[in-house]
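Chain identifiers are assigned alphabetically (A, B, ...) following the order of the sequence lines, protein sequences preceding nucleic acid strands; residue numbering begins at 1 within each chain. These numbers were taken from a predicted model, which means no experiment stands behind them.
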Amino acid sequence: MLIATWNVNSIKQRLDHCLRFLKEAKPDVLCLQELKCPDEAFPAGPIEDLGYNVAVHGQKAFNGVAILSRHPLSDVRMGLPEANGDDHSRYIEAVISRPGGGVARVASIYLPNGNPLGTSKFGYKLAWMERLRVHAENLLALEEPLVLAGDYNVIPEPRDVYDPADWLGDALFQPESRGAFRRLIALGLTEAVRACDDRAGLYTFWDYQAGAWQRNRGIRIDHLLLSPQAADRLVETRIHKETRGWEKPSDHVPVSARLAF
DNA sequence: ATGACCTAACTTTTAGGA
């Protein structure tokens, strides 16, 4: 079972790229972030024509997450618990059931950016991460294959950025952000890419500005976190870097994990 | 040289992103 995540930076602008990725990589599940459209504007038709079921949690203009799956979706949850007025569409979760066996719970996550520091946006990011941690703890108690995939907006370690000094003042690389990410991992989750490859210089995002892609000034912020029952089945991961070279690309590229079922 | 982008919106400028 191939599970992928991709921040597409507007599904309407990136529909052709999304369809091409579905046709070429043939993921069983694709988690999308930054749809930037309300539910009713989500282009479900062409995606369904490729054999995918769709669960969408959209929002006008910003945010928005979705799960595409070749297999039936059930138990769809939209939004993290304890919203307390938080109306950002940043979390959707569903159970994927492969015909003939193999069930996994998958979440598509668009974690808040948190910039600039010193504003409520950074506090919102940290509070959201704590809500995610509590929810993940509850999901782990189910002791089932679980994949928390998405744009975490966290650079976990210095080896995940071309030049750490450039990011010291950024919410993505703050000690508090990295600590909250480690607390999530410490629940017993396995970060899929790092379980397969410990090299420096693995990136999933290159800014549109300043020729970041051409100069390979990237950062690694898109992650798949696996429960023990999913990690036991992890075969390989891939960063689909080639999509960043496509015409009018997203600034993020897909990341995928193959599980043995 | 320290510049350079992209997207959505009650659009002609601003907010948000990272």
> Under 4.0 angstrom, heavy atoms only, what part of the nucleic acid is A:N153 near: base, sugar-phosphate, or nothing?
Replying inline: sugar-phosphate
> Under 4.0 Å: is that the gap between some side-chain N or O of A:K121 and OP1 or OP2 of B:dA15?
Replying inline: no
> With a non-hydrogen cut-off below 4.0 angstrom, is A:D151 in contact with a base, only sugar-phosphate, or nothing?
Replying inline: sugar-phosphate
> Which value, in whole Å, describes the distance between the C1' atoms of nucleotides B:dC6 and B:dA1?
Replying inline: 24 Å
>> So A:N7, base contact, sugar-phosphate only, or nothing? Heavy-atom distance under 4.0 Å.
In response: sugar-phosphate
>> Does A:Y152 reach a base, just sugar-phosphate, or nothing at all? Heavy atoms under 4.0 Å.
In response: nothing
>> Taking any heavy-atom pair under 4.0 Å as a contact, classify A:N113: base, sugar-phosphate, or nothing.
In response: base
>> Please determine whether a side-chain nitrogen or oxygen atom of A:S10 lies at a distance below 4.0 Å from atom OP1 or OP2 of B:dC6.
In response: no
> Which part of the nucleic acid does A:R14 contact within heavy-atom distance under 4.0 Å: base, sugar-phosphate only, or nothing?
Replying inline: sugar-phosphate
>> At 4.0 Å (heavy atoms only), tell me whether A:A210 reaches a base, stays on the sugar-phosphate, or touches nothing.
In response: base
>> Given B:dA4, B:dG17, B:dG16, identify the nucleotide with an atom nearest to the side chain of A:Y110.
In response: B:dG17
> Would one find a side-chain N or O of A:Q13 under 4.0 angstrom from OP1 or OP2 of B:dA8?
Replying inline: yes
> So what does A:R220 touch, heavy atoms closer than 4.0 Å: a base, only the sugar-phosphate, or nothing?
Replying inline: nothing
> In whole angstrom, what separates A:N115's CG from B:dA15's P?
Replying inline: 17 Å
> Do A:R220 and A:V193 have side-chain heavy atoms sitting under 4.5 Å apart?
Replying inline: yes
> A:H88 NE2 to B:dG17 C1': how many Å, rounded?
Replying inline: 13 Å
